[in-house]
*Asks:* 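This is the structure I want to talk about, given as structure tokens.
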There are 2 protein chains.
Amino acid sequence: MKYKIKSRIWIEADDNVLLGEGRVALLKAIEETGSLSKAAKSLKMSYKKAWSLIDALNSRAQKQVVITSIGGKGGGGAKLTPYGKNLIDAFDTINQNCWAFLDKEMKKQLYHDF
Amino acid sequence: MKYKIKSRIWIEADDNVLLGEGRVALLKAIEETGSLSKAAKSLKMSYKKAWSLIDALNSRAQKQVVITSIGGKGGGGAKLTPYGKNLIDAFDTINQNCWAFLDKEMKKQLYHDF
DNA sequence: TGTCGCTATATTTGACAATATATAACGATA
DNA sequence: TATCGTTATATATTGTCAAATATAGCGACA
């Protein structure tokens, strides 16, 4: 029997979720596609949900994370601010450190308890 | 603006959840009340859900975690095995270490990114 | 052997979240 | 000014999961 430890981290601002794994994945997809609707499609997420997530993120973060534009050539688009890119990196770093930490913690306990 | 980092950890066996925060809370309540139905009530959880959680836990863990008895004086009851108590302690330890670790990680990033 | 409070299990009901659908607005470009 | 693909927003529908409800079974004990 193989036991695995898993985790999920997120960051809250005023008891509201600011950033979690789902939003980070969405931000990455926006970075790749340059569009909110394409990013949503690539994650098999409804456009509405993607829009809501980004809207909440933009309004709660201390700086704008995603810049959207309506109309014009190509109909519009969405792209990350430099601050947004930093957010992704910071989150990923913490998340990976956390995984590594938990694996170590698990090994400490493994032979006694699980 | 105050940012907080939160986390949730759980342990899987064969891609099924074995133990998470909810089940640990339930185990603690069973330890206190000596009864599955009372434990469920104290957590405002339906009996059915509590029973399902414990059933899954017992069948997937390598040793029995909760011992139930039907009928007899008082109608029956439920109590933890020593192994079950170890499980709670191990989980709590890892969980608290994880919180402390994440707080430290967050402080590392805080002034740059969040 | 009847009572009691609990475990064990199935079935129905209901709430809420996720999804789908529809439509308006937008601005560069031709 | 007509077209285009996108953002932005409201509404309707669907699906899923939790909760409520119902009922059977159990064993010590009086």
Side-chain angles (χ1 to χ4, degrees), chain A residues 8 10 12 15-18 20-61 63-81 83-84, chain B residues 8 10 12 15-61 63-81 84:
Chain A
R8 201 125 210 183
W10 65 97
E12 292 189 359
D15 292 329
N16 292 308
V17 174
L18 176 75
E21 290 186 17
R23 293 178 208 211
V24 166
L26 181 58
L27 289 178
K28 287 178 180 172
I30 289 173
E31 196 175 19
E32 285 172 14
T33 61
S35 148
L36 197 44
S37 66
K38 283 178 190 157
K41 192 169 297 179
S42 82
L43 296 176
K44 283 164 188 154
M45 177 189 296
S46 70
Y47 173 83
K48 178 196 170 77
K49 181 174 182 183
W51 182 86
S52 306
L53 289 174
I54 296 303
D55 186 55
L57 180 53
N58 267 332
S59 67
R60 286 206 264 268
K63 298 181 193 170
Q64 199 173 19
V65 176
V66 176
I67 296 177
T68 58
S69 62
I70 314 175
K73 180 184 174 188
K79 61 179 184 177
L80 301 191
T81 62
Y83 173 69
Chain B
R8 202 124 211 181
W10 66 96
E12 292 188 358
D15 291 326
N16 293 307
V17 174
L18 176 74
L19 197 61
E21 290 186 16
R23 292 178 206 209
V24 166
L26 181 58
L27 289 178
K28 286 178 181 172
I30 289 173
E31 195 173 22
E32 285 171 16
T33 61
S35 147
L36 197 44
S37 67
K38 282 179 191 159
K41 192 168 294 176
S42 81
L43 296 176
K44 283 161 188 153
M45 177 189 297
S46 68
Y47 173 83
K48 177 195 169 78
K49 181 173 181 184
W51 182 85
S52 305
L53 290 174
I54 296 301
D55 187 56
L57 180 54
N58 266 334
S59 66
R60 286 205 265 269
K63 298 181 193 169
Q64 198 172 17
V65 176
V66 176
I67 296 177
T68 58
S69 61
I70 313 175
K73 179 184 173 187
K79 60 180 183 175
L80 302 191
T81 62

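In what follows, chains carry the letters A, B, and so on, assigned in the order in which the sequence lines appear, proteins first and then strands, with residues in each chain numbered from 1. Everything quoted here is computed from the prediction, not taken from an experiment.
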*Asks:* Please check the phosphate of D/dT7 (OP1 and OP2 only) for any side-chain N or O of A/S35 closer than 4.0 Å.
*Replies:* yes
*Asks:* Atom CG of A/L36 and atom P of D/dG5: how far apart are they, to the nearest Å?
*Replies:* 17 Å
*Asks:* Does the side chain of A/L27 come within less than 4.5 Å of A/I54's, by heavy atoms?
*Replies:* yes
*Asks:* Working to the nearest 0.5 angstrom, can you tell me the gap between A/K41 NZ and A/S46 OG?
*Replies:* 12.0 Å
*Asks:* For each nucleotide in nucleotides 20-30 of chain D, reading 5' to 3', give B when a protein heavy atom comes within less than 4.0 Å of its base, S when such contact involves only the sugar-phosphate, and - otherwise.
*Replies:* B----BBBS--
*Asks:* So, is A/T68 close to the D/dA8 phosphate, meaning a side-chain N or O under 4.0 Å from OP1 or OP2?
*Replies:* yes
*Asks:* Tell me: NZ of A/K79 to P of D/dT7, nearest whole Å?
*Replies:* 14 Å
*Asks:* I need the minimum non-hydrogen distance between A/A56 and A/R23, along with the two atoms involved.
*Replies:* CB-NH1, 3.9 Å
*Asks:* So how far is it from B/W51 CH2 to B/T68 OG1, rounded to the nearest 0.5 Å?
*Replies:* 9.5 Å
*Asks:* Quick one: A/K49 NZ to D/dT14 P, roughly how many Å, whole number?
*Replies:* 20 Å
*Asks:* Check every atom of D/dT9, D/dT6, C/dC6 against the side chain of A/S37 and return the nucleotide holding the closest atom.
*Replies:* D/dT6
*Asks:* Take the C1' atoms of the five end pairs on each side of the helix from C/dT1-D/dA30 to C/dA30-D/dT1, derive the two axes, and give their angle rounded to 10 degrees.
*Replies:* 10°
*Asks:* Quickly work out the B/K41 NZ to C/dC6 C1' distance and round it to whole Å.
*Replies:* 11 Å
*Asks:* To the side chain of A/W51, which of D/dT7, C/dC6, D/dT9 is closest?
*Replies:* D/dT9
*Asks:* Determine whether a donor-acceptor pair (N or O, by modelled atom type, separation under 3.5 Å) exists between the side chain of B/N58 and the backbone of B/V65.
*Replies:* yes
*Asks:* Which atom names give the shortest non-hydrogen contact between A/E12 and A/W10, and what distance separates them?
*Replies:* OE2-NE1, 2.9 Å
*Asks:* Check each residue of residues 15-34 of chain B for a non-hydrogen atom within less than 4.0 Å of any atom in DNA chain D, then write out the ones that pass by number, or none.
*Replies:* none
*Asks:* Which heavy atom of A/A40 sits nearest a heavy atom of A/Y47, and at what distance?
*Replies:* CB-CA, 4.0 Å
*Asks:* Between atom CG of B/L80 and atom CD of B/E32, what is the distance when rounded to the nearest 0.5 Å?
*Replies:* 10.5 Å
*Asks:* Thinking salt bridges, do A/K79 and A/E31 make one under a 4.0 Å N-O criterion?
*Replies:* no
*Asks:* Quick one: on DNA chain D, does B/K44 or A/K38 contact a more 5' nucleotide (nearest heavy atom)?
*Replies:* A/K38
*Asks:* Looking only at the side chains, is there a donor atom on one of A/T33 and A/S35 sitting less than 3.5 Å from an acceptor on the other?
*Replies:* no
*Asks:* Where the side chain of A/Y47 is concerned, which of C/dT7, D/dT9, C/dC6 is the nearest nucleotide?
*Replies:* D/dT9
*Asks:* Could you check if a side-chain atom of B/V17 sits within less than 4.5 angstrom of a side-chain atom of B/R60, using non-hydrogen atoms only?
*Replies:* no
